[in-house]
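Small disclaimer: the values here were computed from a predicted structure and weren't measured. A note on names: the letters A, B, ... follow the listed sequences, proteins ahead of strands, and every chain is numbered from 1.
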There are 2 protein chains.
Amino acid sequence: MALEHAILVSLLEKPGSGYELARRFDRSIGYFWAATHQQIYRVLKRMEHDGWIDAREVAQPDRPDKKEYSVAAPGRSALSRWLHEPIEPESVRHELAVKIRGAAFDDPAALIDEVERHRKAHTDRLAHYLAGERRDFTGPEAPETPDAGQELQHVVLRGGIAYERMTLAWLDDVIATLRRLGPER
Amino acid sequence: MALEHAILVSLLEKPGSGYELARRFDRSIGYFWAATHQQIYRVLKRMEHDGWIDAREVAQPDRPDKKEYSVAAPGRSALSRWLHEPIEPESVRHELAVKIRGAAFDDPAALIDEVERHRKAHTDRLAHYLAGERRDFTGPEAPETPDAGQELQHVVLRGGIAYERMTLAWLDDVIATLRRLGPER
DNA sequence: TCCTTCTATGCAACTCGTTGCATAGACAAG
DNA sequence: CTTGTCTATGCAACGAGTTGCATAGAAGGA
């Protein structure tokens with residue numbers, strides 16, 4: 001399980017509450033590790049119980065109070081231990097690929113709209129990544145001498161950008177293939 | 001849930017036993033939808049109970065008997081229904097990306113070996129995909145006029161190839177970044 | 001002969017992840 | 001003044017996925 005470790009990384013980058021973490025998992029780190037707020041609250045509770053993180057009650061005058069978490073020493077060494085462990089190759093779950101193969105037993109052309117919907121989602125995400133890259137790393141507001149953390153966030157973001165570009169090119173290939181097969185049958 | 005649908009696609013491509021399906025999920029369709037034999041046997045049982053698939057006992061003289069499954073009419077229409085439903089954008093789980101961001105709080109250089117191990121795994125998988133493409137689609141043994149099923153399997157495989165190439169280029173970027181950060185700290 | 005490997009199927013227990021629902025204060029719009 | 005939205009946290013139930021173990025026939029090697 002790696003949600004604990006993703007949370008540790010996120011809390012080391014910046015301490016925050018369960019709610020704030022949940023929002024980060026909707027953007028930023030969530031693009032590489034998805035999680036809902038339920039999962040996050042449950043795991044935070046366990047991590048606090050295990051002494052990996054410290055909680056601090058923060059009273060907010062104009063909002064409900066929150067519990068701000070930060071990483072404790074045992075959490076830091078747990079992260080370090082995990083970083084030195086080898087990990088298995090990712091097990092992929094690519095539903096769209098299954099659908100495309102399945103289209104052979106149905107109407108291939110009927111999938112085109114769906115694939116174009118995905119294409120649009122990936123176009124949006126690419127634009128979002130590129131805007132983030134300009135804002136944080138390559139634009140005029142970006143630091144001239146980034147630290148290790150920023151360099152590493154940037155290389156991960158570059159991976160996201162490369163992934164979206166590759167996916168867009170592939171989806172075009174898929175659409176062209178579906179169109180080619182459609183009318184004949 | 002889509003394991004049922006991945007199994008339907010695989011059984012439509014070719015009927016087989018739970019064991020044979022488990023082996024396909026180690027190659028082929030398993031590159032886009034991972035599953036263990038336990039999951040497969042359990043889901044097959046439910047699908048048979050629901051009338052989606054038919055089972056046929058096959059006695060084998062030199063091996064244990066097996067149950068060969070094939071898709072029944074209700075299974076086919078279930079697949080068709082699923083193909084016409086929209087699906088959510090994939091929720092990603094990219095453990096290595098989390099580790100790379102985590103490396104900022106540890107020794108970045110210590111990750112290099114791990115990343116190189118992944119690089120090797122992706123090199124092997126790319127070679128495997130390319131060999132499969134040559135064997136089934138672009139080589140001299142390949143059919144001159146592929147049917148829809150083959151065209152669609154090919155476009156999915158091209159996606160896998162593009163993914164591996166993109167990943168290899170990105171891992172080189174990651175390694176270069178880690179090396180750059182390593183010695184300074 | 002024993003040990004391992006391959007084919008073939010399955011149970012039981014557990015953990016992880018998802019979905020629906022609930023609560024509650026603060027604020028803005030209608 | 002009610003309704004909706006945002007912040008903030010959480011429970012309960014269920015479904016999906018993982019891990020460990022068990023069985024059993026056949027083949028091949030030490």
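One cannot find a donor-acceptor pair under 3.5 Å joining the base of C:dT15 and the side-chain atoms of A:Arg46.
Salt bridge B:Arg101/A:Glu13: present, at least one basic N to carboxylate O contact under 4.0 Å. Between B:Arg179 and B:Glu116, at least one side-chain nitrogen of the basic residue sits less than 4.0 Å from a carboxylate oxygen of the acidic one, meeting the salt-bridge criterion.
Under 3.5 Å, the side chains of A:Ser70 and A:Asp54 contain no donor-acceptor pair of N or O atoms. At a cut-off of 3.5 Å, with distance as the only test, no side-chain donor of B:Tyr163 or A:His94 sits close to an acceptor on the other residue.
Using a 4.0 Å cutoff to heavy atoms of chain A, the contacted part of DNA chain D runs 5' to 3' from D:dT7 to D:dG17.
Listed by residue number, the members of residues 22-31 of chain B with any heavy atom below 4.0 angstrom from DNA chain D form an empty set.
Distance B:Glu20 CD to C:dC6 P: 17 Å, rounded to the nearest Å.
Taking for each of A:Arg93 and A:Gln60 the nucleotide of DNA chain D with the nearest heavy atom, the 5'-most of the two is the partner of A:Gln60. Nucleotides of DNA chain C nearest to B:Gln38 and A:Thr36 differ in position, and the one nearer the 5' end is that of B:Gln38.
A:Arg63 has no side-chain polar atom (N or O) that falls below the 4.0 Å cut-off from OP1 or OP2 of C:dA24.
Ring geometry for B:Tyr31 versus B:Tyr129: interplanar angle over 60°, hence perpendicular rather than tilted (30 to 60°).
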